[in-house]
Amino acid sequence: MTVATKERSKIEAMSDKETNYIEDLLVQLKDELNEDVVSGDINALLRKCSLNLVTIATLPNIDVKPLLATIKRLLTSDVSNNALNYDYLLDILDKLVPMIDFDEVLEVYSAEDLIKALQSGIDPLSVAACKIIENSQPKGLFATTNIVDILLDILFNGKVGNDNLTGSIEKAFERLSSDELIRRRLFDNNLPFLINVKNKMETVSFVRLIDFLAIEFPLISGPEFKEAVFCFTKEEVLKSVEDIFAFIELVNYYTRLLLDIRSQDKYWALKHVKQTLPIFARLFEDTENYPDVRAFSKNRLLQLFAEISRIDEEGFSFFQTIDKDYLKIGSEPKLVNEWLELINPRYLIKNHKDLVVNHFSISGYSMEVLRNLVADEECFDSIRGKFNSEIILKLPYLEQMQLVEALTRYAYTSKFLINELPKVMSSLIGEGTADTIIDLETIHYRNSAMINLLNMGENDLNIWFVPLTEEYSTAVNGKKYSKGGETKIADDYIA
């Protein structure tokens, strides 16, 4: 038997022992929960079972149905047991259900049981039903029942204030909506209901609807997209300003939509989404009539505008119009830094080159600006003359490493660093040696910079390859080595 085989056998034996231990705990839990008087130590046992269940994936040697039936009896009992922590009980249920065949779960919790639980008005019982529903196999199992409809009714009932319950419903939809039958039930059968929730614009249900749509959009296909639900009119955006928190949710929603459109290549939705985007810029600009918009949602709006600027269509014509009509980038000095930090650098260099060149400088306050501007090669070329070794080396060492790490993220900036800033390279490898740095943030940026550079390969790194490799080894492994060679190479290069 090889060493590897022995180790594998040892691990399997340990795994079997762990599984047997947990199964014994669950049997003990079932027995104690069925006692006439529940032990005062029952919550400790529940917690122990919950913590141990995360370490295994299956329960091969035990019939879990009796325990599930016991949990069901306790949850449906007219008499609440004050000694029992129902959150722990629900957590056990949540962990057990995915471990067994769903047909076995249905032997204990039928579809009718789940409907009764959801309609019971008892929050722990409804949460338990959600935990079971979200694990249904196949995922579209309940698409032909009214379970989906009931979940929507509860979610958009503004009187339901239990975050655990609404969160459980959202989680169930997130898990199940990858199934076409579920999506059809949601957006075909329930389309009038969803439109009604949207039109009422009651704050609680409206915000939940926005969150729900944000969950569903990444899962739908083009033909399933219902503009009447997923998109909001300019009038609806304006009305939402009356409740600034609803407005902020809308801003976040559109920001996430744009992210999903780009990351998932869902550009078919862009023509619908774009129609509403200018109103956000108009509200941002009109501080006289809408002072609360900037006061409470400036940062969220700036993030939205950053995403709009990344719609690289027709030479940025869409964002260029929004910029010209409303944002007027560069016209407010107090916003310049934020524009340079967030807006697509390709757009900035093509439309606001003077602002980029004249405003950017090397300092500890400009790191976010630096990270954004160097992400585009043309933009970086416009400011590369400002990277002076003497200025950089006057920064605190943490800020030096933040700057260096930013320069190592791209091939063109990395080559600039190793070819044009040898003193800065020497500072990375020599002055801030691994055995003298104790600040964790500095260590993070320094190590990340060295990893990025080493990924370039020996040919591109040239004379820096050996000292960089040795210094990274010291930083990660604590390996001791002579620094004489490294210092001489760096000194010769600088000279």
For [X] against [Y], the heavy-atom pair lying closest together:
X	Y	result
F284	L302	CZ-CD2, 4.1 Å
A246	F206	CB-CD2, 4.1 Å
G364	E399	CA-OE1, 3.2 Å
E23	N61	OE2-N, 2.9 Å
Y347	I343	CD2-CG2, 3.8 Å
V237	T276	CG2-CG2, 3.6 Å

Salt-bridge contact [X]-[Y] (side-chain N to carboxylate O under 4.0 Å):
X	Y	result
R208	D211	no
E307	R262	yes
E332	K298	no
K394	E390	no
K415	E420	no
R183	E180	no
E236	K198	yes
R282	D286	no

Would you kindly say whether [X] and [Y] are connected by a side-chain donor-acceptor distance under 3.5 Å?
X	Y	result
T474	E471	no
S382	K353	no
R47	N85	no
N477	Y472	no

Which class fits the ring pair F380 and F416: parallel under 30°, tilted 30 to 60°, perpendicular over 60°?
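Geometry flag for F416 against F380: perpendicular rings.
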Let me see the working for H272 and F225 under ring-ring contact (aromatic ring centres under 6.0 Å, His included), right down to the final yes or no.
CA-CA 10 Å; H272 306 288; F225 183 80; 5.2 Å; yes
Residue set satisfying ring-ring contact (aromatic ring centres under 6.0 Å, His included) with Y290, at least two apart, ordered chain then number -> none
Does the gap between the ring centers of F212 and F217 come in under 6.0 Å?
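No: the rings miss the under 6.0 Å criterion.
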Looking only at the aromatic ring of each residue, does the gap between the centers of F232 and Y253 stay below 6.0 angstrom?
yes
